[in-house]
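Accompanying notes for the structure given below.
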Protein chains: 2
Amino acid sequence: MATVSRVVNNNPNVKPATRKKVYEAIERLGYRPNAVARGLASKKTTTVGVVIPDISNAIFAEVARGIEDIANMYHYNIILCNADKKKDKEIRVINTLLEKQVDGLLFMGGAVTEEHLQAFKTANVPIVLCATSDESGQIPSVDINHEDAAFDAVKKILEQGHTRIAMISGTLQDPSLGYARFQGYKRALESAGISYDESLVRIGNYRYESGADAMNYFIALDKRPTAVFSATDEMAIGAIHSIQDSGLKVPDDISVISVDNSRMASMVRPQLTAVAQPMYDIGAVSMRLLTKLMKKENVEQSKVVLPHEMVMRQSVGGI
Amino acid sequence: MATVSRVVNNNPNVKPATRKKVYEAIERLGYRPNAVARGLASKKTTTVGVVIPDISNAIFAEVARGIEDIANMYHYNIILCNADKKKDKEIRVINTLLEKQVDGLLFMGGAVTEEHLQAFKTANVPIVLCATSDESGQIPSVDINHEDAAFDAVKKILEQGHTRIAMISGTLQDPSLGYARFQGYKRALESAGISYDESLVRIGNYRYESGADAMNYFIALDKRPTAVFSATDEMAIGAIHSIQDSGLKVPDDISVISVDNSRMASMVRPQLTAVAQPMYDIGAVSMRLLTKLMKKENVEQSKVVLPHEMVMRQSVGGI
DNA sequence: CTGTTAGCGCGTTCAC
DNA sequence: GTGAACGCGCTAACAG
């Protein structure tokens, strides 16, 4: 019994001959170790929980792939739960994940509220926030600086001489994609001495159609903007098509820039200029950080901010 | 002890007053049931394994969302494993999933080989194939008829008077997306009395760039095709842009049609005409089927073929 | 190096 | 309606 356990777990204290005999018996009997029993006895499940807003969203799917690849590399499996950035759904899945005795938790969601912190506290496994901001700064996290990314994007259009710059934002309730990117937009305007004009901001829902709707609104304006900053690629592409469908040209009549740089950015004409957010890496790095935490290795940096970069393509032009 | 178990599992044989007391104690002690111990004792984990080719692929991500939603509805969690349609990786994850005592398995992969069947046989939990073909026909499955879908797509262009129709295919080693759709193409040509021309078929890798490359090849042909059938949306969009970048027009000069109808199909100009494959439903229905199998309900139909439909947009025109 | 003995935290009989 | 006892399949000491 115990020797079999040693063989299966690669414990060196087994004579090669014995090991061989055990393997043969395993083969002959078709024995398959029961990971649940092992988990109960060892108090480790080699499974991590991942709560994600929506796996069918290209951005998050890319992060998920990064997570899974690294998890795989360290022999962890992942339990995936969609929570749609809904607080109560998030809390609920965190608890079921914890009941399932995951060895760690990767949280990707909307705002991290007091309730979240409370739920995290009762967990006695490490947790890292992934592509999610954390006001309190107490929980380890991996993300980019969304405000800076937005700032850089808007700065780029400012440098091209634009002064009438609209924004297609996500909901301001969303701390990273919504609020932070909106703040970056405002700060960039401010830094250029341009006063903020409420009529040049529309709130979208990150989807293509909402980007197009917002753009239609801007086009109908008396003094329409000469450039648009979109909080995400998908809304930006909606905006580009809305511009083209109304007979105008990108970037000749209106420039478009966004933050994300998903694969879709080069799958549109003109190709979209965007500030790149390293989705795969965010997933990979956060999972790597989690493995360290689970092994109780000491980490130097528990709040990592990954760099973003500008990817110039064809959707931005001078005034 | 036993009474707590009854309360937690909603066993009716508990006096309301006792039940209340137990709940209070649970609250006070911050007790959290251990699903691993429960799994060991009850031999049920309320967890299903999902092996998927690549979660960062929009098509599969959509299927995954369908799976997760239904799983959630029936209180199952899912363990997600990417296997990239590689046989050995697939076999390996199937085995770890089985070791983890999943209550069922959803398999989405490349070809289902004898080895797969062998691995499935040793599992004593239900398995359903999802968006994957199965030559043997022994394993329950949910998919569309890929050959018919391709046939219908090509038929549509034939009806528009085209006779010189190229195809951008996936690898013929892939039974559903590759081989089946290619067969549908050939059959449609045949039914119209058009002889198959090898020079009008290029093999892509499902990515945008490979679609563009294939199209560039076709455009350079002496007698270039007037219509192109792409095995997937993404390659079709690559083709459209390749056509436009070379100064030609879609559909005036070349028509484009594909199978998939992912959200990207309407995120391109002209919008892509495609045969729609109900990704979300394939996921949802296969998960629903799996729940029935896990509850040992008898299912009338263990091989379900979901309908596909033509979605007309602007990328196909007459000759 | 190998076998023996306790649990791991729960569900499930059984008595009561 | 409730509690005691056993066992799920394995790992972790502990002897030997």
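Every chain is numbered from 1, with letters handed out A, B, ... down the list of sequences. We use all heavy atoms of the structure for the numbers below, so side chains are in, but hydrogens, waters and symmetry mates are not.
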Taking any heavy-atom pair under 4.0 Å as a contact, classify N13(B): base, sugar-phosphate, or nothing. base

Can you tell me which residue among T171(B), D174(B), N57(B) is in a side-chain hydrogen bond (donor to acceptor under 3.5 Å, both in side chains) with Y206(B)? D174(B)

Charged N-O contact under 4.0 Å between D84(A) and R65(B): yes

List the atom of T132(B), the atom of M108(B), and the distance in Å for their closest heavy-atom pair. OG1-CA, 3.4 Å

In whole angstrom, what separates R19(A)'s CZ from dC1(C)'s P? 10 Å

In terms of heavy-atom contacts, does NZ of K20(B) have more than 12 from other residues, nucleotides or ligands at under 6.0 Å? no

Is it true that atom OH of Y76(A) has more than 12 heavy atoms of other residues, nucleotides or ligands lying nearer than 6.0 Å? yes

Is it the case that T47(B) and K100(A) place a side-chain donor and acceptor less than 3.5 Å from each other? yes

Closest heavy-atom pair and its distance - F60(A), I52(A): O-CD1, 3.6 Å

What I want to check is whether the side chains of R6(A) and N13(A) have a donor and an acceptor closer together than 3.5 Å. no

Candidate nucleotides dG9(C), dG11(C), dT2(C), ranked by approach to the side chain of V14(A) - the nearest: dT2(C)

Any N/O pairs under 3.5 Å between the protein and nucleotides 12-16 of chain C? List them or say none.
none

With no hydrogens and no angle check, do the side chains of T122(A) and R32(B) hold a donor and an acceptor under 3.5 Å apart? yes

Heavy-atom contact window of chain B on DNA chain D, given 5' to 3' at under 4.0 Å: dG1(D) to dG9(D)

Starting from C1' on dG7(C), measure out to CG on L40(B) and report it in whole angstrom. 12 Å

For the helix from dC1(C)-dG16(D) to dC16(C)-dG1(D), figure out the bend between the end axes, five pairs an end, and round to 10 degrees. 30°

Answer yes or no: does atom CD of E297(A) have more than 12 heavy-atom neighbours from other residues, nucleotides or ligands under 6.0 Å? yes

Just by distance, do the side chain of Q277(A) and the backbone of H146(A) share a donor-acceptor pair under 3.5 Å? no

Round to the nearest Å and state the distance from K43(A) atom NZ to dC8(C) atom C1'. 6 Å

